[in-house]
Amino acid sequence: FVVVGDTQKLVDKDDATKNTTYTNYIYDWIVKNKSAKNIQFVMGLGDITENNTYDPTGAGSNEWIVAKNQILKLASAGIKYSLVPGNHDGPRTYGNFNTVFGTESSLTNNISGYMEGTDLSNYYMCFKAGSTDYMVVVLEYGPTDDVLTWAGNVIKAHPNHKVIITTHAYMDRDGTTLDINDVVPPREETKDVAYNNGDQMWTKLVSQYDNIIMALGGHDPYANISWRQDLGVNGNTVTQMLVDFQGMDLTYEYKTGMVAVLYFSADGKSVK
């Protein structure tokens, strides 16, 4: 499985120059390596865009179309993918995200269920890779208690699936789950008290089910992958990762296009 962190800087640069030169480093590499690395699924972690711009006429800034044209290379190659909305991808209604991808069949045809209607803020996908059933759960930036309850019910209803939680803001670069003292937390002490940070997500959801194997987030720019492993309440090991290379994109003049690759065994019992 390939994990794509925040692409916002690459998409913004390509939109500003009107020349898709940089975002394609990511998606061309994935497509090129589909067979050699047996890529079964691609998970996005949000902040797809920098400024959430969408102009159907094509006359103005159009980051969403830049991003979509690249992401659809996965569809053309027959690679399943999931997308997470980030805080740069609009207000919590995620209007442009839903407009651009809500009718994209290569995404929606693989969605097993939504929390509300066909809103892409919170949904899940079930699929088989090797001999293992997986479920990828997509949660919005700073999910509310209602969202976490919905996700828990979905996970509980699929006890034989190995579950990967994907959301935008979960971990900090220091290896701890995101809290109110970290960069741009979804939940602050003085406002937005309904939203949950990474530490609250761990307590209320991620630690609670024995089939959750992994939780992934972006949001905090970091040149490396920050990761930790903790035992859930049922004694299962949950691997948690921050994947967000946008700082590297800036430092190396947008020419890195880095991703993380998770090498699962066919039986799903081990991963590198």
Side-chain angles (χ1 to χ4, degrees), residues 3-12 43-54 63-64 67 71 81-102 107 111 114-125 136-152 154 164-173 176-206 212 214-222 226 240-247:
V3 183
V4 178
D6 304 32
T7 58
Q8 61 199 84
K9 300 302 183 185
L10 301 179
V11 169
D12 180 44
M43 291 172 272
L45 298 180
D47 277 359
I48 300 166
T49 69
E50 173 76 2
N51 300 299
N52 186 36
T53 58
Y54 173 56
E63 291 180 339
W64 278 109
I71 292 167
Y81 64 95
S82 62
L83 299 173
V84 168
N87 57 303
H88 278 257
D89 296 325
R92 290 183 178 274
T93 51
Y94 301 114
N96 287 338
F97 178 41
N98 275 290
T99 297
V100 172
F101 281 99
L107 176 66
I111 292 177
Y114 302 83
M115 179 178 172
E116 294 183 358
T118 56
D119 182 5
L120 293 173
S121 301
N122 302 283
Y123 62 90
Y124 67 97
M125 292 180 169
V136 172
V137 179
V138 171
L139 302 179
E140 63 189 339
Y141 171 71
T144 63
D145 284 353
D146 286 346
V147 172
L148 298 185
T149 297
W150 165 80
V154 167
I164 301 172
I165 306 290
T166 61
T167 189
H168 180 56
Y170 181 78
M171 275 185 64
D172 184 73
R173 69 185 70 180
T176 63
T177 48
L178 193 72
D179 60 41
I180 59 172
N181 298 311
D182 293 323
V183 59
V184 196
R187 179 174 183 152
E188 300 178 26
E189 287 185 316
T190 57
K191 62 181 180 179
D192 293 345
V193 293
Y195 306 130
N196 288 291
N197 292 328
D199 51 355
Q200 296 155 325
M201 291 176 62
W202 168 259
T203 300
K204 297 176 182 180
L205 176 69
V206 180
I212 295 180
M214 192 171 287
L216 306 172
H219 185 58
D220 185 14
Y222 192 47
S226 182
Q240 302 144 87
M241 293 184 180
L242 163 67
V243 180
D244 179 6
F245 300 119
Q246 63 173 297

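Residues: numbered from 1 along the sequence shown. Both backbone and side-chain heavy atoms feed into the values below; hydrogens, waters and symmetry mates do not.
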Any side-chain heavy-atom pair from Ser226 and Gln240 closer than 4.5 angstrom?
-> no
Determine whether Val184 and Tyr141 make a side-chain contact, defined as any pair of heavy atoms from C-beta on separated by less than 4.5 Å.
-> yes
Non-hydrogen side-chain atoms of Leu107 and Leu120 separated by less than 4.5 Å | yes
Between the side chain of Thr7 and the main-chain N/O of Ile48, is any donor-acceptor distance below 3.5 Å?
-> yes
Please answer whether the main-chain N or O of Arg187 pairs with a side-chain N or O of Asn197 as donor and acceptor at a distance below 3.5 Å.
-> yes
Between Asn98 and Asp119, does a side-chain contact (heavy atoms from CB on, under 4.5 Å) hold up when you go through it step by step?
-> CA-CA 7 Å; Asn98 275 290; Asp119 182 5; 3.0 Å; yes
Between the side chain of Thr167 and the main-chain N/O of Glu140, is any donor-acceptor distance below 3.5 Å?
-> yes
State the CG-CE distance between Leu216 and Met171, to the nearest 0.5 angstrom.
-> 10.0 Å
When rounded to the nearest 0.5 angstrom, what distance separates CH2 in Trp202 from OG1 in Thr177?
-> 9.0 Å
With a 4.5 Å heavy-atom cut-off, do Leu178 and Pro186 have their side chains touching?
-> yes
Taking all non-hydrogen atoms of both residues, which atom of Pro91 and which atom of Asn52 are closest, and how far apart?
-> CD-ND2, 4.2 Å
Least distance between heavy atoms, Asn51 atom then Asp12 atom = ND2-OD1, 3.3 Å
Does Tyr170 have any ring pair (Phe, Tyr, Trp, His ring centres under 6.0 Å) partners at least two apart in sequence or in another chain, and if so, which?
-> none
Kindly indicate whether the side chain of Asp244, heavy atoms from C-beta on, has any atom under 4.5 Å from the side chain of Tyr222.
-> no
All heavy atoms of Pro143 vs all of Leu148, minimum pair found to be CG-CD2, 3.7 Å
Between Val136 and Ser82, the two heavy atoms sitting closest are CG1-OG, 3.8 Å
Could you state the interatomic distance from CD1 (Ile164) to CE (Met43), rounded to the nearest 0.5 Å?
-> 4.5 Å
Would you check if there is a donor-acceptor pair between the side chains of His168 and Asp47 at a distance under 3.5 Å?
-> yes
Report the residues that fulfil ring pair (Phe, Tyr, Trp, His ring centres under 6.0 Å) with Phe97, sequence neighbours left out, ordered by chain and then residue number.
-> Trp64
Which of these, Asp172, Asp6, Asn87, sits in a side-chain hydrogen bond (donor to acceptor under 3.5 Å, both in side chains) with His219?
-> Asn87
What is the minimum heavy-atom distance between Thr49 and Gln8, and which atoms define it?
-> O-CB, 3.3 Å
Using distance alone, with no hydrogens and no angle criterion, decide if Asp146 and Thr144 have a side-chain donor and acceptor under 3.5 Å apart.
-> no
Gap between atom CG of Asp220 and atom CG of Asp182 - 0.5 Å precision = 7.5 Å
Angle class for the Phe101/Tyr81 ring planes (parallel below 30°, perpendicular above 60°, tilted otherwise)?
-> perpendicular
Taking atom types as modelled, is there a side-chain donor on Asn96 or Asp89 under 3.5 Å from an acceptor on the other?
-> no
Please examine the side chains of Leu139 and Met201, heavy atoms only from C-beta on, and report whether any two atoms are closer than 4.5 Å.
-> yes
Between Gly218 and Leu242, which heavy-atom pair has the shortest distance, and what is it?
-> O-CD1, 3.2 Å
So do the side chains of Glu50 and Val11 get within less than 4.5 Å of each other, counting heavy atoms only?
-> no
Worked verdict on Tyr195 versus Val147 for side-chain contact (heavy atoms from CB on, under 4.5 Å) = CA-CA 10 Å; Tyr195 306 130; Val147 172; over 6 Å; no
